[in-house]
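All remarks here apply to the structure that follows.
A note on names: the letters A, B, ... follow the listed sequences, proteins ahead of strands, and every chain is numbered from 1. Just the heavy atoms: all of them, side chains too, but no hydrogens, waters or symmetry mates, feed the values below.
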Amino acid sequence: MYLDIQRRIQQRFVNVIREAYGLEVTPPPLNDPPSGDLGDLSLASCFELAKQLRRSPKKIAEELAMRIPPLAGIERVSVAGAGYLNFHLDRAAAAAQLFALRTAPPVPGAAGSGKIVVEHTSINPNKAAHIGHLRNAVLGDTFARLLRASGEEVEVQNYIDNTGVQVADVVVGFVHLEKKTLSDVEKLIQDSAVRFDYSCWDLYARVFQFYEEKPEALSLRSQALKDIEEGHGDLAALADLISTAIVRLHLATMLRINVEYDLLVQESEILRLDFWKSAFELLKSTGAIRYEDSGKNQGCWVMTLREAEEGKTEEAAGGEDVKIIVRSNGTVTYVGKDIAYHLWKFALLGKDFGYQLFHTYPGGHQVWRTALEGEPAAPPCGRAHAAYAVIDTRQSYLQNVVKAALDALGFHEQSANLHHFAYEVVGLSPGCAEELGVELTAEDRARPYVEVSGRKGQGVKADDLLDRLLAKALEEVRSRQITQDPQEQETCARRIAVGALRYFLLKVSRRVIIAFDFKEALAFEGETGPYLQYTSVRARNIFRKFQETHPEFQPADLDFDLSMEQLRKLYSGEDGLAFWQLSLLAAQLEMAAQQAIATQEPSIVAKYAFRIAQAFNNFYHRYHILSEADPGRQAFLLFLVHIVERTLAQALDQMGIEIPEHM
RNA sequence: GGGGGUGUAGCUCAGCAGGAUAGAGCAUCGGAUUUCUAAUCCGACGGUCGGGGGUUCGAGUCCCUCCACCCCUGCCA
């Protein structure tokens with residue numbers, strides 16, 4: 001609705017400029033006027049036009065203010081300042097439209113532009129997840145939700161590197177340090193007294209210590225890796241056992257924060273179904289990669305990155321940007337496998353996986369996993385029109401290699417539709433690191449954050465953080481005596497804990513490094529998830545209370561109680577501007593969501609949700625609704641609450657944050 | 001060396017394709033509720049938008065340059 005009005009204004013402006021002055025202009029950006037009484041949308045284009053037309057901006061603005069109307073949804077156009085053109089919306093009409101929009105449930109799958117694959121999480125299946133993984137999952141999940149809310153068809157994939165070195169390391173640990181057999185490990189996995197992913201976390205650190213003390217042990221790793229890649233023998237069986245168990249635990253951890261997946265793509269199938277082989281043939285036959293028969297990369301297949309179109313002088317010749325795709329020993333690098341994976345994502349490989357049902361979530365949603373042989377009931381996977389890969393920014397170089405490979409193969413459209421959703425890492429504040437027992441130098445202590453090493457077993461485990469959040473939320477819930485029912489306390493605390501965490505990770509731009517700190521992450525006041533949830537609960541409480549005296553009342557029916565005349569009267573009365581500004585803000589959800597998608601920046605929706613919650617809380621204090629004596633005005637206030645409550649609920653849903661019954 | 005990112009209030013961060021008086025949260029201080037629950041609201045304090053040039057009617061935003069910090073630039077992933 002708001003977006004439609006914006007487009008109409010832009011279109012009309014372009015047309016009027018053409019008719020009046022014979023000039024062709026591009027659709028101008030619309031701004032927010034500095035204060036609400038000046039108007040709702042603003043154009044500064046007259047300053048620009050002043051030069052070409054050799055007339056004062058104010059004169060032009062005044063002329064345009066006459067020429068532009070009538071325009072659907074716009075009540076009037078005014079001129080302010082030295083030549084700003086301000087548009088005043090028809091408040092009553094816009095509000096009625098918004099009410100209808102917010103009341104009707106959104107329609108899924110309406111965009112119809114083709115499937116979008118969002119790949120996120122993609123944790124090495126060899127140990128427990130940490131906070132950095134939570135950031136990845138929350139960003140990816142929120143982005144997928146945003147796309148779905150805007151009508152896109154989305155498939156969420158989680159790439160499982162079950163044949164990589166990290167799994168091999170843990171295999172080495174179990175075999176050579178723990179002296180455990182396959183069935184020992186199996187028992188360990190079954191044992192509910194131990195947390196398997198936590199013991200792998202510690203074991204992984206011990207393996208690195210082992211390598212340091214005995215560098216010759218690195219041959220054990222290569223041997224394990226080779227066996228795992230080839231997929232036969234005890235080590236391969238052990239790797240499969242471990243990685244599958246860890247994946248199940250990762251899925252359980254992510255489910256705690258409302259993250260689910262559609263498909264797990266395993267590297268083992270990329271290898272065993274010869275996806276790489278096909279991709280290799282394709283790369284060779286098109287000349288995208290070449291064989292080096294001399295030089296430092298002798299015996300390797302490499303790809304040259306030509307990022308600079310032209311103008312690159314000879315001075316840069318020494319450092320030609322070359323990436324090795326196949327090593328001199330014939331094995332393929334990670335990027336090579338990623339190229340194969342992405343060719344499959346866009347259905348460019350001429351091959352497909354088999355799929356087997358891996359898990360059914362409590363809500364009934366299914367997650368499938370790639371397999372050598374599939375089940376007939378499997379859904380169609382892949383075949384993406386566009387793909388987003390949520391991967392931390394340190395891998396930007398490698399992601400560019402994948403994109404460049406698609407280009408080199410001539411798949412320019414797919415390359416353009418492949419997006420590296422890059423986000424910054426999560427470090428620890430120096431205080432937090434020391435709290436966890438990490439030794440710091442004086443230099444470290446002066447830094448805004450420190451990066452800790454997973455190889456040393458350092459870091460904050462996802463489940464530990466969640467447990468702490470949950471404990472604190474439970475304490476708060478109990479102390480406030482919201483409910484006596486332990487089950488309900490638990491549910492409420494869980495929603496608050498998850499809300500706090502997800503909002504904490506979403507509110508900042510993906511481009512900033514988060515210096516993790518327990519105090520900030522555990523905050524429930526100010527700009528936090530619980531603040532937003534509390535705001536929703538407050539709005540709902542008004543309806544709940546109102547229904548005690550009006551059992552028939554349904555918020556969705558409010559538009560029957562209010563005529564356009566009443567709306568007009570209330571929006572132009574004494575408090576009209578305050579009411580209108582709240583309504584206008586509520587109308588901007590779609591704009592915020594669209595912007596978040598376009599810029600791959602979910603924080604835009606988070607910030608938006610906070611703004612509207614703040615505006616509502618202010619409104620809540622200024623206007624007491626249940627004690628309002630005038631029934632017409634009361635109905636109107638309830639109408640406003642409904643609009644805001646629905647808007648906030650949708651925004652929270654897009655962020656994967658649930659609203660507690662009581663707070 | 002090359003590529004990328006960041007630099008805005010004491011701290012953590014917004015600032016949307018340049019636009020009207022630089023904004024939040026936290027922290028500090030001071031207020032508000034016999035009311036739809038104070039996980040709230042209002043106010044105060046606090047800023048040479050890293051430095052310097054330039055483009056423009058107008059620059060935190062665009063260009064150039066310098067400075068600081070971080071990441072990448074592996075036959076690891």
From the list B:rA39, B:rC36, B:rC57, which nucleotide is the closest neighbour of the side chain of A:E48?
B:rC57
What integer distance in Å separates A:Y503:OH from B:rG25:P?
11 Å
For A:F47 and B:rA17, give me the distance from atom CZ to atom P, rounded to whole Å.
19 Å
Side-chain N or O of A:R480 closer than 4.0 Å to phosphate OP1/OP2 of B:rA39:
yes
Select base, sugar-phosphate, or nothing to describe what A:Q10 touches, counting heavy atoms under 4.0 Å on all strands.
base
side-chain hydrogen bond (donor to acceptor under 3.5 Å, both in side chains), paired with A:T142, selected from A:R502, A:Q654, A:H120
A:R502
How would you label the contact of A:F546 with the nucleic acid (heavy atoms, under 4.0 Å): base, sugar-phosphate, or nothing?
nothing
So, for A:Y531 and A:F524, is the gap between ring centers shorter than 6.0 Å?
no
At under 4.0 Å between heavy atoms, what does A:P27 touch on the DNA or RNA strands: base, sugar-phosphate, or nothing?
base
Have a look at A:Q533 and say if it touches a base, only the backbone sugar-phosphate, or nothing, with a 4.0 Å heavy-atom cut-off.
nothing
I'd like to know if A:N617 reaches the base of B:rA38 with its side chain such that a donor and an acceptor end up less than 3.5 angstrom apart.
no
Rounding to a whole Å, what distance do you find between A:E424:CD and B:rC72:P?
10 Å
To the nearest angstrom, how far is A:L43 atom CG from B:rA17 atom P?
15 Å
From B:rA38, B:rA17, B:rA20, pick the nucleotide closest to the side chain of A:P34?
B:rA20
Classify A:R544 by what it touches in the nucleic acid, base, sugar-phosphate, or nothing, heavy-atom distance under 4.0 Å.
nothing
Within the sub-3.5 Å range, which N or O atoms of nucleotides 75-77 of chain B have a protein N or O partner, and how far apart are they?
| from | atom 1 | to | atom 2 | distance (Å) |
| --- | --- | --- | --- | --- |
| B:rC75 | O3' | A:R327 | NE | 3.0 |
| B:rC75 | O2 | A:S328 | N | 3.4 |
| B:rC75 | O2 | A:S328 | OG | 3.1 |
| B:rC75 | N3 | A:S328 | OG | 2.8 |
| B:rC75 | N4 | A:K296 | O | 3.3 |
| B:rC75 | N4 | A:Q298 | O | 3.4 |
| B:rC76 | OP2 | A:R327 | NE | 2.8 |
| B:rC76 | O3' | A:R327 | NH2 | 3.3 |
| B:rA77 | OP1 | A:R327 | NH2 | 2.4 |
| B:rA77 | OP2 | A:R327 | NH2 | 3.3 |
| B:rA77 | OP2 | A:Y334 | N | 3.3 |
| B:rA77 | O3' | A:D161 | OD2 | 2.7 |

Using a heavy-atom cut-off of under 4.0 Å over every strand shown, decide if A:I496 touches base, sugar-phosphate, or nothing.
base
I'd like to know if A:T528 reaches the base of B:rA39 with its side chain such that a donor and an acceptor end up less than 3.5 angstrom apart.
no
Earlier contact from the 5' end, RNA chain B, for A:A515 and A:N31
A:A515
For A:S627 and for A:L38, locate the closest nucleotide of RNA chain B by heavy-atom distance; then report the residue assigned to the nucleotide nearer the 5' terminus.
A:L38
What is the distance, rounded to the nearest whole Å, between atom CG of A:L41 and atom P of B:rA17?
16 Å
Looking across every strand, which nucleic acid part, if any, lies under 4.0 Å from A:R447 by heavy atom: base, sugar-phosphate, or nothing?
sugar-phosphate
Name the nucleic acid region contacted by A:Y608, choosing base, sugar-phosphate or nothing; use a 4.0 angstrom heavy-atom cut-off, strictly under.
nothing
Proximal nucleotide (of B:rU56, B:rC41, B:rG19) relative to the A:H621 side chain:
B:rC41
Please classify the nucleic acid contact of A:Y531 as base, sugar-phosphate, or nothing, using heavy-atom distances under 4.0 Å.
sugar-phosphate
Could you tell me whether A:S509 contacts a base, only the sugar-phosphate backbone, or nothing, with contacts defined as non-hydrogen atoms closer than 4.0 Å?
sugar-phosphate
Touch class at under 4.0 angstrom, heavy-atom based, for A:Q595 against every strand present:
base
Please work out whether the ring planes of A:F280 and A:W276 are parallel, tilted or perpendicular, with thresholds of 30° and 60°.
parallel
Are OP1 or OP2 of B:rC16 and a side-chain N or O of A:Q588 less than 4.0 angstrom apart?
no
Of the candidate nucleotides B:rC13, B:rU35, B:rU12, which contains the atom at the shortest distance from the side chain of A:E520?
B:rU12
Looking across every strand, which nucleic acid part, if any, lies under 4.0 Å from A:F543 by heavy atom: base, sugar-phosphate, or nothing?
nothing
Return no unless some side-chain N or O of A:N618 is found under 4.0 Å from OP1 or OP2 of B:rC42.
yes
Proximal nucleotide (of B:rA24, B:rA20, B:rG19) relative to the A:P33 side chain
B:rA20
With no hydrogens and no angle check, do the side chains of A:E527 and A:Y503 hold a donor and an acceptor under 3.5 Å apart?
yes
Could you state the OH-C1' distance from A:Y534 to B:rC36, rounded to the nearest angstrom?
10 Å
From CD of A:E527 over to C1' of B:rG25, roughly how many Å is that when rounded to an integer?
6 Å
Partner of B:rC69 by Watson-Crick or G-U wobble geometry, both contacts under 3.5 Å, or none?
B:rG5
Tell me if the centroids of the rings in A:F546 and A:F543 come within less than 6.0 Å of each other.
no
Checking side-chain polar atoms at under 3.5 Å, does A:E443 have a donor or acceptor matched by the opposite partner on A:T441?
no
Under 4.0 angstrom, heavy atoms only, what part of the nucleic acid is A:N86 near: base, sugar-phosphate, or nothing?
base
Output the rounded distance in Å from CG (A:L3) to C1' (B:rC16).
13 Å
Between A:Y449 and A:F516 (judged by ring centroids, cut-off 6.0 Å), do the two rings come close enough to count as a pair?
no
Is there a donor-acceptor pair under 3.5 Å between the side chain of A:H420 and the backbone N or O of A:I391?
yes
